[in-house]
Amino acid sequence: MLEIEHLSLAVPSREGALPAVSDVSLSVARGRVLGLVGESGCGKSLTAQTVLRLGEYQGIERTGGTVRVDGEDVFAMDEPALRRLRGGRVSMVFQEPMTALNPVFSIGDQITEVIRLHLDVSDAQAKARAASLLASVGLSEPERLMRQYPGELSGGMRQRVLIAMAMSGEPDYIIADEPTTALDVSVQARIMDLLRALQREKGLGMLLVTHDFGLVAELADEVAVMYAGQIVESGPVEDIFDHPAHPYTRALMACRPEVAEPGRPLPAIPGQVPAPGRWPEGCRFAPRCAHAGSACERPVPERAWTSPNGSGHWACCVRVEELS
Amino acid sequence: MSLLRVEGLSKSFASGGGLWGGGRRRVQAVRDVGFAIEKGETLAIVGESGSGKSTTARMVMRLIEPDAGRIELLGEDITHLKGRGLRQRRRHMQMVFQDPYASLNPRMRIEHTVGEGLRVHAPELNRRARRERVAQVLEMCGMPASAMDRYPHQFSGGQRQRIGIARALAVEPDLLVLDEPVSALDVSVQAQILNLLAELQREKGLAYLFISHDLSVVRQVADRVAVMFAGRIVETGPIEAVYARPRHPYTRALLDARPAEHPSRRGRGGERLLADEGVAETGCAFRLRCPHAQADCAGFDGRLVAAEAGEASRAAACLHPL
Ligand SMILES: Nc1ncnc2c1ncn2[C@@H]1O[C@H](COP(=O)(O)OP(=O)(O)OP(=O)(O)O)[C@@H](O)[C@H]1O
Ligand SMILES: Nc1ncnc2c1ncn2[C@@H]1O[C@H](COP(=O)(O)OP(=O)(O)OP(=O)(O)O)[C@@H](O)[C@H]1O
Ligand SMILES: [Mg+2]
Ligand SMILES: [Mg+2]
């Protein structure tokens, strides 16, 4: 189990540290995919990167809570243990396939380096394993590819190489932060199929960070919806798609062009996500919510609404019953 | 008379050769592309990465020189116009780019970025009149006039894209060429920008050449669509007709590749149709991936063929259309 417990984070600013993530709890079991969705700037990446304690290097402060991987507290680990964790039991795939690869080293050098960091193998064994990993993500002629440089590959090929690298330490969990956002539809479809196949075959637990409900529909078992540093709704993927409870989730799902009526204005959400430190007192979504009332001016308990169907579906909104 | 008409546009680039040079070859980025755009309408170009969409847009804007072909603006051949003549025609067509971070000069205040075109196209305006015009287009794009005195880094991605659109609109063009204008934005900001574009089109009678690889977005905005593959237009027609009944197998594949709308439909993407990344060098470029390919496809010249009667304005470049 990969568990984020009551995590709160603050980001640096000229006005001092500002709260950016507050009291977030999530868990990802092996063999399951949790989709973490929300608009840009909601705190998704901040939350996800904390699993590997990557925020520390950017001055991001943990003000509360912790992260456990199979019961082990990540914040109690020393540097060597952390290095083994990163790319070992837990690995990450990022959005930008170009910046995540070093342009001056060959694909082969980069992937064998990761393998040797995590597995006790000879040079030749590492090379053989690299070739088989590249083949397993659908790249043909892996030996030739290993002599090539990142700049010679297409975006889709680079993303496959990154996924192969993420798999190289034989992880149990994978954190994928917008893994297909930079890719075109046809490549996106293939990367989604690849991620699904790998995840099933190896029984990986996956934390999938995205603002794309299509990707969530394709891959996730559970969904957590994030807004202004908070989880505002969570539940099994079918429940979220069939009966979104929080007005934010509903509004986000409604403005997808794929479900809209062609030629009519999209039901856009007015305004934008408040920046860290600019959150309203009560419900954080209230200023943009079409259904906000006086009850929304007071702070809302996390699970203000829980589904009567016992699926574990809940929402941080006091008006769900009234609105449905 | 069409607002814009292009015919036989082609462009190749030298490419490849790896890090150490050598082995360079030519990539035919765009081949024999033609289309027309009428006043007030939206033509979308869709296609996968590398299919030649941006190269086409940049030739239309005369930012790069075509190897062959012709570009007509309001009935006038502008293919070889240069200098002052070209600058004057540019007033009619403006471009909006994909990346709202890279496309605004970080050291320039918004007033200057948005007002840049006015200096060229409306030199008669003094500073005050220019500021007024900038305030007006910013407000038209849903931004406060006070944004003028700030710098790009003080704005979110969606706000920057609004500024990019305001910059393009400042000179009152007839045509906006939008190259993936919402691809870098999240779904809610994307909806705001798409609505803004629709509203501006209604109010100003603007025409759009809208480039995207997202078919759901395209369906929202376009009147007609041109599907590109390997530098050629392989299918074109009214958007709803093409969606309802694609004729080219590549169009079908693109439609199938869209992510599911609901988890119950997951895993039905176009894996089979799009499994291979190959592009054939001769004959139909799609035949290596095409489930309907037959022997004669190897000899196909790639030309668009009008569909049967009653389907005017539809065409597909396929010997065995669906
Ligand atoms: N290193 C940092 N220093 C200061 N502020 C930061 C830092 N990292 C993130 N933030 C701020 O914290 C908020 C949440 O950022 P985060 O990157 O987690 O958003 P996100 O939900 O991943 O959005 P996106 O979809 O755009 O990736 C944003 O307002 C962002 O500007
Ligand atoms: N300046 C250039 N020099 C060399 N090759 C180029 C240049 N510009 C484009 N190309 C090549 O031309 C082809 C078409 O590129 P283009 O940018 O037009 O594609 P696109 O359809 O816009 O793709 P994307 O969706 O990735 O933006 C590609 O093979 C590309 O590598
Ligand atoms: Mg992020
Ligand atoms: Mg492009």
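In this text, all values refer to a predicted model and were calculated from it rather than measured experimentally. Here is how names work: the chains are called A, B, and so on, in the same order as the sequence lines, proteins then strands, and each is numbered from 1.
For B/E240, the part lying near chain A is the side chain, with the backbone staying farther off; criterion is any non-hydrogen pair under 4.5 Å. For chain A, the nearby part of B/Q159 is the side chain; its heavy atoms alone come within less than 4.5 Å. Using a 4.5 Å cut-off between heavy atoms, B/L185 contacts chain A through its backbone alone, with no side-chain atom that close. At a 4.5 Å heavy-atom cutoff, B/A198 makes no contact with chain A through either its backbone or its side chain.
Note on A/Q148, A/Q272, A/E238, A/R264: by heavy-atom pairs under 4.5 Å with chain B, the leading option is A/Q272. With chain A as the partner, the residue from B/G50, B/S49, B/A222 showing the most heavy-atom pairs under 4.5 Å is B/S49. Between chain A and the residues B/S216, B/G47, B/G142, the largest count of heavy-atom pairs under 4.5 Å involves B/S216. Interface remark: of the candidates B/V221, B/V218, B/V217, B/V217 forms the most heavy-atom pairs closer than 4.5 Å to chain A. Ranked by non-hydrogen atom pairs under 4.5 Å with chain B, the options A/A217, A/S40, A/G214, A/A268 are led by A/A217.
With rounding to the nearest 0.5 Å, the separation of SG in A/C255 from CG in B/L194 is 10.0 Å. Atoms CG and CD1, from A/L266 and B/I193 in turn, are 12.0 Å apart once rounded to the nearest 0.5 Å. A distance of 7.5 Å separates OG of B/S264 from CG of A/D242, quoted to the nearest 0.5 Å. Interatomic distance, A/E218 CD to B/E261 CD, rounded to the nearest 0.5 Å: 11.0 Å.
Considering A/E39, A/M253, A/E258, A/R256 in turn, A/R256 is the only one that fulfils the side chain to side chain contact (heavy atoms under 4.5 Å, CB included) rule with B/V187. When each of A/V216, A/D193, A/L219, A/V237 is checked for a side chain to side chain contact (heavy atoms under 4.5 Å, CB included) with B/R266, only A/V237 meets the rule.
A 6.0 Å sphere centred on CD of A/Q58 holds more than 12 heavy atoms belonging to other residues, nucleotides or ligands.
Between B/Q190 and A/P257 there is a side-chain heavy-atom pair separated by less than 4.5 Å.
Between A/P262 and B/Q220 the shortest heavy-atom distance is CA-NE2, 3.5 Å. Here the shortest heavy-atom pairing between B/S188 and A/I269 reads CB-CD1, 4.1 Å.
B/Q192 places a side-chain N or O within 3.5 Å of a backbone atom of A/G271 that can act as its donor or acceptor partner.
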